[in-house]
Amino acid sequence: MPMEKTFSPAEAEARISKAWIDRKVGAAGAHARPGAPAFSIMIPPPNVTGSLHIGHAFNNTLQDILIRWHRMRGHDTLWQVGTDHAGIATQMVTERDMALHKEPSRTEMGRETFLARVWQQKAKSRGTIISQLQRLGASCDWDREAFTMSGAPGAPSGEEGNFHDAVIKVFVDMYDKGLIYRGKRLVNWDPHFETAISDLEVENIEVAGHMWHFKYRLAGGETYEYIEKDEDGNVTLREVRDYISIATTRPETMLGDGAVAVHPLDTRYAPIVGKMVHLPLCDRVIPIITDAYPDSNFGSGAVKITGAHDFNDYAVAKRANLPCYRLMDTRGAMRSDGAPYADAVVRAREIAAGSSTDEAEVDSLNLVPEKYRGMDRFDARKAVIADINAIGLSVSTLVKQIDPETGSEHLTREPLVDVRKIMQPFGDRSKVVIEPMLTDQWFVDTVRIVQPALDAVRSGATRIIPESGEKTYFHWLENIEPWCISRQLWWGHQIPVWYGLAIDADDFVDDEGDNALDQVEILGILGDGGYIDREARFHCAADAAAVTGRFNDDLARLPHPLNVSRVVEVADRHAAVEALAVSLAEYVVTQDPTHLIYPIWRDPDVLDTWFSSGLWPVGTLGWPVNTPELQKYFPTSTLITGADIIFFWVARMMMMQLALVGQVPFNTVYLHGLVRDAKGKKMSKSLGNVIDPLEIIDEYGADALRFSNAAMASLGGVLKLDTQRIAGYRNFGTKLWNACRFAEINGVWQGHGTGPAPKPKATVNKWIMGETAKVLTEVDAALADYRFDNAAASLYSFVWGKVCDWYVEFAKPLFDGPEATETRATMAWVLDQCMIMLHPFMPFITEEVWAATGTRSSMLVHADWPTYGPELADAAADTEMTWVTGLIDAIRSARSEVHVPVGLKLDMLSLSMDPAAQAAWARNEVLIKRLARVESLTPATQTPKGAITIAATGASFALPLDGVIDIAAERTRLQKALEKLGKEIGGLKGRLGNPNFATSAPEEVVDEARANLEAREDEVAKLGAALKRLAEIG
RNA sequence: GGGCGGUUAGCUCAGCGGUAGAGCACUACGUUGACAUCGUAGUGGCCACUGGUUCGAUCCCAGUACCGCCCACCA
């Protein structure tokens, strides 16, 4: 069946894609030679938040190229596919969708219903993503599709799998090893999502801000002499003050100040260090302390310390043992919980005076005065500023005012407000201002697992390319901070920790040592008080059944064991308090110990998504079960991912895999930049420059997009995607199609399939085979070196520049000659090689041509990648064809420049030809004549008047053009050529004339320069003579 | 403030010790047995700047300028 005139991507891609999927061509180990090395890639799992963008298309193209290349080479390949549950992002997308469809809100639904709803969202997005990958031509092992939350409680059918179990096991194991801990720390709090986030999820953005200056008055009406000096020690200001001046960009936090800090060497404040100041708007006094943190040269040199709302202040507060009073609730509004302000402040004063307290009590104290309670933090800021201004405690300056009516000038006092750029933290998902918040969270003690991850890259066990990625990697890991892994979300892996209530142990027995359970007091969460064992705050295990035993053991150690009690899991802490109270009440009435229950509840928080994606390499291979796949494909070969997630994901996978199984997760990490638009702008919905990969595929075909991706994959830069370029590679596909169509029309395959390399006799056939071998070497080398751009460029220039431009043209006359048979065989072979080598880059069109041409024993996807090498190269053929193409180029160029009509066939004269040239001419006469439009070649001894000269290696020709020639144009041509030669000769002579060159430069370089000079001078002689003759006729 | 890149033809980028290449764009010509999603020929570059190393630098080194990206708590 003859090939269609054009390739139609839409129809063919769908059909071919289906065939690949049906035949499971991407199954693990498909087309593997026995005993072949394994090659595996883990897909960076796309978030199930929607669809794939153009960056995914780029990323997955590169992975598929490597996978297809290795698979065709007979390696045992696995491309592991799957998706990521993306906790915060998916929860956000789902809630947005729920709002759009006017569904009940998340809180109205309740946790269980909401999670079911997210699973639906997940299923939808997952389907979109998988079909997009398939349209791109990705040859993953679709039967192994994984999901980072597979097997989680509540997962619908079809979501079985053990990823959840693996995540829980890792948490428990790491907890048992002390690598995970719980603690009240200052964390980045997202008031929109009402969850903690890690520092990586915070974006610091410079915004216009203000700095206010407040006066904190010394207690007891004290005063001091404030002296300011310049650099030379001269006094510039001396005044008696009854206050200390502080500056802040966040006035609302002053309500929680614990102290004012100054630098210990700051002489200005030395007289008042240790004294107390009144906190404005609050009925509290706080001390002036010293700490190395304040910079004497910035602002007033005095810093208000709010331990609960600033990371620096927190550190100072810890050093000075100051209480950290939390001022805001989870939504970033000023607290409205707890006791009235008057009561809270009394207790705060006691604590300040030295009354013993603990973290929990300090956290429970709400020191926000009633007036501000419940206010949004930004409203509270305005209110605090206004109130401080009103009581005259703002630092003020004199401002010149001009009365608009009278024009008279007068000075007024205005509060000092500096307008300045400040760096403000924003949530990367929510885009709201992040609040440092003192909360209980779970952390990975990263410093304890970081070293192997550093060593692995230093030793080369894992290689990161480009190399600059390694520097970034080291820098971050060397300065690693604890990783906050708990999130106050619902969608995710729930933390496998259960809490119990603290009960005052002393109440279990009365003074006589008798049972006094009826007096037991519920104190709060286990661990808040000193229940049973201060260390046994909670229990961590894979499931409730596993922790039950541990709680029972704890209970058994009570003074009066609740040895008949039952540990029962309840929903939350609130339910636990109620349940225990009911149970105790019943016991009091019945005195029947079987009524006693001990309620426990699970930590409601879920794990940071990156904690689970950190297990992707082992988790998808079945770990903790030691599956055959785990043994075969781990460590994986290559990770291809965006440089933007090197910390989020790459570094954490390294740390976690090394911590879990003691092996690196991958041998090579290939990092690429963000895909931008043609102008280098970041694609964004608001800019309207987003390129949808499916639209590109619809318009240009998947192959064109893929080839563009490969061609622009140079290391290190910004990736600019230009549709013009994609169109160019679409044309390239068409070019290949047409060349194959030409061959097919000419019966080169003659119904046969691909076979061993032919052994042709004609130079041109030997030559193209050598060129094929060359390009194979280049492509293999480029791919081995992750230079997708170089591989694409080699293939492009070979297929278009060599095969189509020259070989197909050469073959045309040969099809009519004695070499027709070998030429057909050679062309079939060469085009087969083109299809094979292009297949990883352009799988659809090559698969289609493959099927449309010879009789094939397998689909192209499972064809064997060639292994021939230098034996196919033929130096003599190479030299000869270089001469032939050079001569044709020279004749064409000369003809064109003197405006010889294209269709005109010319008689050519040979003025001189050495034996090599004669032989080359003899063997390729038909080809040259046809492509250069030469009618005949006649020996001549003299160049006739009105002829143009063609110089070739070892030969000189003339084209008599009397009457046809454009003399002026020919003169210009010759002069231009001479000028160029003159420049070259000048350079060469300069080098050769330098005595140091001959002595210092390598011999072959000197020889080459000499030979070059000789050749150039020879050409100058010929062209010079031609110019002279031109003068004669002109 | 710290770190990492980049600066080569109008555009997008290769090259990285022997005075420059590709694709696109542009110009002229063109329907020659597949291809106008094409063919042939051509125009176009003191390789950011200043020093240094070298026989020789776009390439190595130092500095400058500009442009990106990442990290960072100056209240």
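All figures in this text were calculated on a predicted structure; none of them were measured in a lab. Proteins get letters first, then strands, A, B, ... in listed order; numbering begins at 1 in each.
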Exercise. Does A/Asp805 make a side-chain donor-acceptor contact with the base of B/G39, cut-off 3.5 Å?
Worked result: no
Problem set entry | Short side-chain N/O contact to B/G30 OP1/OP2 from A/Arg895, under 4.0 Å | no
For this session: Assign A/Asp313 to base, sugar-phosphate, or nothing according to its heavy-atom contacts below 4.0 angstrom with the strands shown.
Result: nothing
Problem set entry | N/O donor-acceptor pair, side chain A/Arg730 with base B/U37, under 3.5 angstrom | yes
Exercise. Across the strands shown, which category fits A/Pro425 at heavy-atom distances under 4.0 angstrom: base, sugar-phosphate, nothing?
Worked result: nothing
Exercise. Closer than 4.0 Å, any side-chain N/O of A/Thr6 to the OP1 or OP2 of B/U37?
Worked result: no
Exercise. Taking the side chain of A/Ile422 as heavy atoms from C-beta outward, which of B/G39, B/A75, B/C73 is closest to it?
Worked result: B/A75
Exercise. With respect to the side chain of A/Asn996, which nucleotide from B/C35, B/G33, B/C55 is positioned closest?
Worked result: B/C55
Problem set entry | Whole angstrom value for the distance that separates P of B/C16 from CG of A/Asn790 | 9 Å
For this session: Just compare B/C74, B/C35, B/A34 and give me whichever is closest to any side-chain atom of A/Met423.
Result: B/C74
Problem set entry | N or O in side chain of A/Lys735 less than 4.0 angstrom from B/A34 OP1/OP2 | no
For this session: Could you tell me whether A/Asn994 contacts a base, only the sugar-phosphate backbone, or nothing, with contacts defined as non-hydrogen atoms closer than 4.0 Å?
Result: sugar-phosphate
For this session: Salt-bridge test for A/Arg787 and A/Asp785: reply yes if a basic N is under 4.0 Å from a carboxylate O, no otherwise.
Result: no
Seminar exercise, completed: When both distances are under 3.5 Å in a Watson-Crick or G-U wobble arrangement, the nucleotide paired with B/G10 is B/C24
